[in-house]
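Step one of this worksheet: look at the structure below.
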Amino acid sequence: MGKEIPSRSEDYSLWYNELVKKADLAEHSDVRGCMVIKPYGYSIWEKMQQALDKMFKDTGHSNAYFPLFVPKSLFEAEEKNAEGFAKECAIVTHYRLKTDPNNKGKLIVDPEARLEEELVVRPTSEAIIWNTYKKWIQSYRDLPILVNQWANVVRWEMRTRLFLRTAEFLWQEGHTAHATADDAVRETVQMLDVYADFAENFMALPVVKGRKSEGERFPGAIDTYCIEAMMQDGKALQAGTSHFLGQNFAKAFNVQFTSKEGKLEHVWGTSWGVSTRLMGALIMAHSDDDGLVLPPKLAPIHVVIVPIFKTEEEFKKITDKVTEISSALRKQGYAVKYDSRDTHKPGFKFAEWELKGVPVRLAIGPRDLENGTVEVARRDTKEKKVMKMDEINTAIPALLDDIQNNIYQKALSYRNNMTTEVNSYDEMKKLLDEKGGFISAHWDGTMETEAAIKEETKATIRCIPLDAKEEEGKCIYTGKLSKRRVLFARAY
RNA sequence: CGGGGUGUAGCACAGUCCGGUUAGUGUACCUGGUUUGGGACCAGGGGGUCGCAGGUUCGAAUCCUGCCACCCCGACCA
């Protein structure tokens with residue numbers, strides 16, 4: 001018996017945890033709340049990075065790197081931001097250990113080595129970056145500044161889950177500075193579009209673009225835009241955010257520039273990020289009870305080839321054929337894995353590569369050699385068919401495209417099925433308990449109502465969709481007037 | 001951070017209530033052979049600070065105290 005995972009219907013959250021571990025994506029480390037991302041999982045993250053990085057560069061951004069540590073005085077400069085993160089910060093207070101005089105071979109913190117000013121381990125980098133931008137910006141000619149950084153951040157979470165919420169996680173954070181509010185808003189929306197494009201075209205994950213309510217907004221932002229996705233258990237997941245910071249950070253850090261007209265003005269800012277949480281979204285959006293299902297565009301291995309043989313001689317003949325096929329596929333840019341292990345039976349290998357979500361599997365045995373055929377199996381539908389060997393080179397690219405498209409369509413129709421328009425609070429509560437998903441409903445726009453609904457149902461306003469049509473209605477909770485529907489859901 | 005639960009081989013667990021040979025099972029691992037078109041079989045073998053630290057006892061995986069970690073529920077989480 002190999003590795004098996006629980007079914008989604010039995011225990012969704014156990015299914016997720018086991019899948020992450022059994023598919024070799026990540027595991028818990030010995031550090032509380034922190035994970036080890038294993039090579040297979042990390043290679044998926046690298047594919048995400050590559051695609052996103054290119055999109056950032058194509059929209060004019062450059063990468064840079066800022067320090068992990070933020071002096072407390074800088075951190076607290078933008079009050080709302082500091083307050084928002086204060087409860088989950090790790091703080092460096094000392095810079096030296098020494099041997100414990102009472103306990104041989106052990107180390108203690110040297111009380112003599114207390115830092116004059118504590119260093120906050122960045123939960124996000126606005127503070128240190130805006131403090132740096134102050135030095136970079138004097139004139140409108142210095143603007144815009146379009147910088148991104150790939151980094152780790154630390155948020156001391158009480159309850160963690162692999163990829164979805166860990167104390168340390170990897171992400172990218174873009175930080176831009178502009179001469180006008182319009183420019184900054186345009187940037188904010190552009191990056192939201194980049195995220196949505198990435199989610200849909202690479203992750204095969206349909207997302208709703210929207211704006212956060214005041215209560216869900218990034219601390220220190222004027223406006224927070226987001227993409228929201230629907231997971232297979234009916235819970236929503238925020239997959240990326242893009243913030244219009246107004247002049248909040250420029251004012252806090254005194255970042256001013258001289259305009260064309262010779263006036264001294266505060267700079268307008270944005271910040272935007274996606275994290276390794278996208279891995280969680282990817283896993284939960286597509287995978288099934290047999291394991292991971294990866295969209296070809298993010299799969300570290302596109303095609304796995306399993307030989308079926310009895311004798312050494314058969315194995316050699318098959319290997320020759322496989323070499324031919326795989327080098328032709330590699331020439332087209334596909335990652336091909338030949339699983340030539342003789343220590344496992346084919347059935348075992350089939351199950352293992354399915355668990356790891358490889359989009360296409362080829363099986364070649366003596367029968368195929370005779371007939372000039374190969375068995376082609378696709379991971380998303382688990383369909384198998386026998387193909388002529390000389391068709392492979394053209395059939396595989398088409399098949400991979402089809403898989404990419406199919407899992408997107410499947411996720412899209414699921415998401416649409418899981419989005420329900422609701423006009424009464426009772427109906428909403430019933431739906432949340434029985435079906436889940438997005439609830440599209442009217443809201444009076446106040447924080448009080450939002451908080452009350454959250455308190456009573458555990459559902460939050462995920463976003464105010466950008467494409468929400470103007471529609472007169474009554475708030476589901478207070479009956480007050482509302483101009484458009486918003487999306488509620490229970491969320492990760 | 002509160003309530004509950006669990007820590008025994010890489011993994012999953014039994015044994016703990018009621019202390020007493022050499023701590024066991026499945027799986028994984030190693031060797032040899034037979035196998036190979038959906039998770040092979042037989043035989044042999046290796047692997048254990050029983051979470052950590054104290055205590056009680058002639059004797060502790062087992063009883064007591066403290067600590068740590070993880071899981072579930074809640075609070076928290078922009």
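Every chain is numbered from 1 and lettered A, B, ... according to where its sequence line falls, protein lines coming before strand lines.
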Would you mind reading off the distance between [X] atom [atom1] and [N] atom [atom2], rounded to a whole angstrom?
X: Phe85(A); N: rC77(B); atom1: CZ; atom2: C1'; value: 10 Å
X: Arg490(A); N: rC76(B); atom1: CZ; atom2: P; value: 15 Å
X: Asp368(A); N: rU36(B); atom1: CG; atom2: C1'; value: 15 Å
X: Glu456(A); N: rG74(B); atom1: CD; atom2: C1'; value: 18 Å
X: Lys22(A); N: rG39(B); atom1: NZ; atom2: P; value: 19 Å
X: Ile5(A); N: rG39(B); atom1: CD1; atom2: P; value: 18 Å
X: Glu375(A); N: rG37(B); atom1: CD; atom2: P; value: 12 Å
X: Lys345(A); N: rU34(B); atom1: NZ; atom2: C1'; value: 12 Å

Exercise for review: Enumerate the residue pairs fulfilling salt bridge (charged side-chain N to carboxylate O under 4.0 Å, His left out) with a member in residues 71-81 of chain A, sequence neighbours excluded, ordered by first and then second residue.
Suggested key: Lys72(A)-Glu76(A)
Exercise for review: Using the salt bridge (charged side-chain N to carboxylate O under 4.0 Å, His left out) rule, collect all pairs that involve residues 269-285 of chain A, keeping only residues at least two apart or in two chains.
Suggested key: none
Please work out if [X] contacts a base, only the sugar-phosphate, or nothing of the nucleic acid, heavy-atom cut-off 4.0 Å.
X: Arg159(A); value: base
X: Glu216(A); value: base
X: Gly220(A); value: nothing
X: Arg361(A); value: base
X: Lys384(A); value: base

Taking a pair as Watson-Crick or G-U wobble with both distances under 3.5 Å, which nucleotide is matched to [N]?
N: rG74(B); answer: rC1(B)
N: rU21(B); answer: none
N: rA43(B); answer: rU31(B)
N: rC52(B); answer: rG66(B)
N: rU57(B); answer: none
N: rA14(B); answer: none
N: rU36(B); answer: none

Pairs under 3.5 Å (N/O, protein and nucleotides 2-9 of chain B):
none

[M] and [N], which share atom name [atom1], separated by this distance in whole Å:
N: rG51(B); M: rC70(B); atom1: C1'; value: 10 Å
N: rC71(B); M: rG66(B); atom1: P; value: 24 Å
N: rU16(B); M: rA60(B); atom1: C1'; value: 11 Å
N: rA75(B); M: rC64(B); atom1: C1'; value: 33 Å
N: rA12(B); M: rG54(B); atom1: P; value: 28 Å
N: rC76(B); M: rC30(B); atom1: C1'; value: 49 Å
N: rG15(B); M: rC58(B); atom1: C1'; value: 23 Å
N: rG7(B); M: rA14(B); atom1: P; value: 7 Å

Identify which nucleotide among [options] has an atom closest to any side-chain atom of [X], counting heavy atoms from C-beta outward.
X: His344(A); options: rC77(B), rU36(B), rC29(B); result: rC29(B)
X: Pro366(A); options: rC72(B), rG37(B), rG74(B); result: rG37(B)
X: Phe348(A); options: rG39(B), rU36(B), rA75(B); result: rG39(B)
X: Phe350(A); options: rG37(B), rG38(B), rC76(B); result: rG38(B)
X: Ile308(A); options: rC29(B), rC77(B), rU36(B); result: rU36(B)

Residues 160-168 of chain A side chain polar contacts: donor-acceptor under 3.5 Å, at least two apart:
| unit_1 | atom_1 | unit_2 | atom_2 | d |
| --- | --- | --- | --- | --- |
| Arg161(A) | NH2 | Ser13(A) | O | 3.4 |
| Arg161(A) | NH2 | Asn17(A) | OD1 | 3.4 |
| Thr166(A) | OG1 | Glu168(A) | O | 2.8 |
| Glu168(A) | OE2 | Asn152(A) | ND2 | 2.9 |

Check your understanding: Are Trp45(A) and Tyr40(A) near enough that their ring centres are under 6.0 Å apart?
Key -> no
Practice item. May I ask you to verify whether the side chain of Lys310(A) and the base of rG37(B) hold a donor-acceptor pair under 3.5 Å? Key: no
Check your understanding: With no angle test and no hydrogens, is the base of rG38(B) tied to the side chain of Glu352(A) by a donor-acceptor pair under 3.5 Å?
Key -> no
Revision key, fill the gap. On RNA chain B, more 5' by nearest nucleotide between Glu354(A) and Tyr492(A) is Glu354(A)
**Study point:** Given RNA chain B, 5'-ward residue of the pair Asp342(A) and Lys349(A), judged by closest heavy atom
**Key:** Asp342(A)
List the atom pairs, donor and acceptor, that lie under 3.5 Å between side-chain atoms in residues 436-451 of chain A and the rest of the protein, sequence neighbours left out.
| unit_1 | atom_1 | unit_2 | atom_2 | d |
| --- | --- | --- | --- | --- |
| His442(A) | ND1 | Ser482(A) | OG | 2.7 |
| His442(A) | ND1 | Arg484(A) | O | 3.4 |
| His442(A) | NE2 | Glu471(A) | OE2 | 2.7 |
| Trp443(A) | NE1 | Thr446(A) | O | 3.2 |
| Asp444(A) | OD1 | Thr446(A) | N | 2.9 |
| Asp444(A) | OD1 | Thr446(A) | OG1 | 2.9 |
| Asp444(A) | OD1 | Thr449(A) | OG1 | 3.1 |
| Asp444(A) | OD2 | Thr449(A) | OG1 | 2.7 |
| Asp444(A) | OD2 | Thr478(A) | OG1 | 2.8 |
| Thr446(A) | OG1 | Thr449(A) | N | 3.2 |
| Thr446(A) | OG1 | Thr449(A) | OG1 | 2.8 |
| Glu450(A) | OE1 | Ser213(A) | OG | 3.0 |
| Glu450(A) | OE2 | Ser213(A) | OG | 2.7 |

Point to revise | Non-hydrogen side-chain atoms of His266(A) and Val255(A) separated by less than 4.5 Å | key: no
**Study point:** Phe198(A) side chain reached by Met48(A) side chain, heavy atoms, under 4.5 Å
**Key:** yes
Point to revise | Contact under 4.0 Å: His28(A) side-chain N or O vs rA69(B) OP1/OP2 | key: no
Point to revise | Distance test, side-chain N/O of Lys382(A) to OP1/OP2 of rG38(B), below 4.0 Å | key: no
[Y] and [X] aromatic ring geometry - parallel, tilted or perpendicular at 30°/60° bounds:
X: Tyr12(A); Y: Trp15(A); result: tilted
X: Phe315(A); Y: Phe309(A); result: tilted
X: Phe249(A); Y: Phe253(A); result: parallel

**Study point:** Residues forming a side-chain hydrogen bond (donor to acceptor under 3.5 Å, both in side chains) with Gln190(A), sequence neighbours excluded
**Key:** Glu187(A)
